[in-house]
Amino acid sequence: MSLQHFFLENQDFGSEVEASADGSVTLSLSGDDLHHAKVLRLKPGEHIGIIDTKQKFFEVEILDFSSDLIVKNSTKKTNAPFSNCRLWLCAGISKGNKLDDVIRACTEIGVYGFIPVDFARSVSKIDAKKEATKNERWQKIAKSAAMQSGQFAIPKISPSVNVSTLCDQLSDFDCVFVCWEEAESMQKIVEVCNELKVKEEEQNIAIVIGPEGGITSDEVKQLERCNKNCHVVSIGDSILRTETAGVVASAIIKFNLSC
């Protein structure tokens, strides 16, 4: 079973362990994270995983949790497991809180970052005055999902962009998958992933999903022009809701990349 993970935003745990006389350290958790730990009813003797400010992972044993969470190191410090595939989901802005669910589920899958996109058929638009508030909520959702699912990093949430800006951002990516209902076959995903997964260098891979109503043919052509390694692909015969498509595409591509 994967350990419950906590992210230390302002604490170099490794240094504090070395400086501690008895090996015990009080974790510097945010108020929300401390509340979350209490909700989990963590008890002395149980183990949790923590990632400190130096991106070091520790499995620790809880010594006391009467007020603060006091732990001792259980294993040697290690770097978070390396994956050479960084998956970015470029998801069409949709109505209501659908993108909340996409970010939560795709974080659990292991998506590295998210770029909300304002497509031509996006019914909902993000008010510039509310952008920061919405981004902050999405970041909290990503952090909570990363903790729950045992991820070793909190996904990055980029500011929302239009298609032209997205194309600029994707021009340097190693690969772009545009998921489009008019694409003919899923086989292209398998073929491209087989080529990508043998490479050892770090790769940024984008998955583009449209909003309700999908991506227009002009937008697909625009995305194809922005990157020579752009592939228009199908993720199945069914017409999926946008919030379903983002999760399905991420899971299919991550599975085929074996990362």
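Remember, it's a predicted structure, so these values are computed and weren't measured experimentally. Positions are given from 1, in the same order as the sequence printed here.
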Please check this pair: side chain of Gln139 against backbone of Ile154, looking for a donor-acceptor N/O pair closer than 3.5 Å.
no

Write down the atom of Ala120, the atom of Thr216, and the distance for their closest heavy-atom approach.
CB-CG2, 4.1 Å

Kindly indicate, with the supporting measurements, whether the criterion side-chain contact (heavy atoms from CB on, under 4.5 Å) is fulfilled by Leu170 and Cys90.
CA-CA 10 Å; Leu170 297 185; Cys90 310; 4.2 Å; yes

Could you state whether Leu166 and Phe114 fall into the same hydrophobic cluster, counting links through intermediate Ile, Leu, Val, Met, Phe, Trp or Tyr residues with side-chain heavy atoms under 4.5 angstrom apart?
no

Would the distance check show the side chain of Gln11 and the main-chain N or O of Leu8 forming a donor-acceptor pair, the cut-off being under 3.5 Å?
no

Kindly indicate, with the supporting measurements, whether the criterion side-chain contact (heavy atoms from CB on, under 4.5 Å) is fulfilled by Val117 and Asn162.
CA-CA 6 Å; Val117 187; Asn162 58 29; over 6 Å; no

Hey, does the side chain of Thr107 reach the backbone of Ile103 with a donor-acceptor pair shorter than 3.5 angstrom?
yes

Check the side chains of Thr165 and Asp168 for a donor-acceptor pair under 3.5 angstrom, ignoring hydrogens and angles.
no

Any luck finding a side-chain donor-acceptor pair between Ser149 and Gln151 under 3.5 Å?
yes

Separation of Asn256 CG from Glu191 CD (nearest 0.5 Å):
11.0 Å

Give a yes or no on whether Arg121 atom CZ has more than 12 heavy-atom contacts from other residues, nucleotides or ligands under 6.0 Å away.
yes

Whether Phe177 and His231 hold their rings parallel, tilted or perpendicular, with breakpoints at 30° and 60°
tilted

Interatomic spacing from CD in Gln169 to OG in Ser171 - rounded to 0.5 Å
9.0 Å

Would you kindly confirm whether Leu87 and Phe255 end up in one hydrophobic cluster when ILVMFWY residues are joined by side chain heavy atoms under 4.5 Å apart?
no

Between Asp64 and Ser66: side-chain donor-acceptor atoms closer than 3.5 Å
yes

With heavy-atom distances below 4.5 Å as the criterion, would you say the side chains of Asp68 and Leu27 are in contact?
no

Side chain to side chain, Ile62 and His47, heavy atoms closer than 4.5 Å
no

With side chains defined as the heavy atoms from C-beta onward, is the minimum distance between Leu29 and Leu69 less than 4.5 Å?
yes

Tell me whether Glu9 is salt-bridged to Lys143, with the criterion being a basic N under 4.0 Å from an acidic carboxylate O.
yes

More than 12 heavy atoms of other residues, nucleotides or ligands under 6.0 Å from NE2 of His35: yes or no?
no

Hey, what's the ring geometry for Phe57 with Phe152, parallel, tilted or perpendicular (30° and 60° as the breaks)?
perpendicular

Asn135 to Ser158 - nearest heavy-atom pair and separation:
ND2-O, 3.4 Å

Within this structure, what is the CD1-SG distance for the pair Ile252 and Cys193, rounded to the nearest 0.5 Å?
10.0 Å

Can you confirm whether the side chains of Gln148 and Gln4 place a donor and an acceptor under 3.5 Å from each other?
no

Measuring only between side-chain heavy atoms, which start at C-beta, is Cys167 closer than 4.5 Å to Val163?
yes

Are Ile253 and Leu196 grouped together when hydrophobic residues (ILVMFWY) are joined by side-chain heavy atoms under 4.5 angstrom apart?
yes

Look only at the side chain of His5 and the backbone of Met147, and say whether a donor-acceptor pair between them is shorter than 3.5 Å.
no

Measuring from atom CG of Asn84 to atom CD1 of Ile205, what distance do you get when rounded to the nearest 0.5 angstrom?
7.5 Å

First locate atom CD1 of Ile48, then atom CZ of Phe65, and finally report the distance between them rounded to the nearest 0.5 Å.
8.5 Å

Would you please test Ile235 and Leu240 for side-chain contact (heavy atoms from CB on, under 4.5 Å) and show each step?
CA-CA 9 Å; Ile235 54 173; Leu240 304 177; 3.9 Å; yes

What do you reckon, is NZ of Lys197 surrounded by more than 12 foreign heavy atoms closer than 6.0 Å?
yes

Is there side-chain contact between Val71 and Glu61, with at least one heavy-atom pair below 4.5 Å?
no

Assess the side chains of Ser160 and Glu131: does a donor N or O sit below 3.5 Å from an acceptor N or O?
yes

Quick one: do Val161 and Ile157 end up in the same hydrophobic cluster if we chain Ile, Leu, Val, Met, Phe, Trp and Tyr together by side-chain heavy atoms under 4.5 Å apart?
no

So does Ile215 get a backbone contact from the side chain of Trp180, meaning a donor-acceptor N/O pair under 3.5 Å?
yes

Please check if Ile207 and Val233 belong to a single hydrophobic cluster, counting links between Ile, Leu, Val, Met, Phe, Trp and Tyr side chain heavy atoms closer than 4.5 Å.
yes

For residues Phe173 and Asn227, determine if any side-chain heavy atom of one lies less than 4.5 Å from a side-chain heavy atom of the other.
yes

Identify the two heavy atoms, one from Asn73 and one from Val60, that lie closest to each other, and give their separation to 0.1 Å.
CA-CG1, 4.1 Å

Atom of Pro159, atom of Ile115 and distance for their closest heavy-atom approach
O-CG2, 4.4 Å

To the nearest 0.5 Å, what is the distance between CG on Leu42 and CG on Leu40?
5.0 Å

Could you walk me through whether Glu182 and Ser217 satisfy the side chain to side chain donor-acceptor pair (under 3.5 Å) test, starting with their C-alpha distance in whole Å, then the side-chain angles of each, then the deciding distance to 0.1 Å, before giving a yes or no?
CA-CA 9 Å; Glu182 295 187 32; Ser217 57; over 6 Å; no

Residues forming a side chain to side chain contact (heavy atoms under 4.5 Å, CB included) with Tyr112, sequence neighbours excluded:
Arg86, Trp88, Lys156

What pair of heavy atoms forms the shortest contact from Phe119 to Pro211, and how long is it?
CD1-CD, 3.6 Å

Establish, from distance only, whether the side-chain atoms of Ser24 and Asp22 form a donor-acceptor pair under 3.5 Å.
yes

Does either side chain, that of Glu18 or that of Ser15, offer a donor lying less than 3.5 Å from an acceptor on the other one?
no

Could you tell me whether the side chain of Phe13 reaches within less than 4.5 Å of the side chain of Thr53, counting heavy atoms only?
no

Could you check if a side-chain atom of Ser94 sits within less than 4.5 angstrom of a side-chain atom of Val123, using non-hydrogen atoms only?
no

Criterion side-chain contact (heavy atoms from CB on, under 4.5 Å) on Cys179 and Val208, from CA distance to verdict:
CA-CA 6 Å; Cys179 301; Val208 183; over 6 Å; no

At their closest point, which heavy atom of Cys175 faces which heavy atom of Val192, and how far apart are they?
SG-CG1, 3.8 Å

Residue pairs involving residues 90-116 (criterion salt bridge (Lys or Arg N to Asp or Glu O under 4.0 Å); sequence neighbours excluded):
Lys98-Glu212, Asp100-Arg137, Asp101-Arg104

Ignoring hydrogens and geometry, is there a side-chain-to-backbone donor-acceptor pair from Ser185 to Gln187 under 3.5 Å?
yes

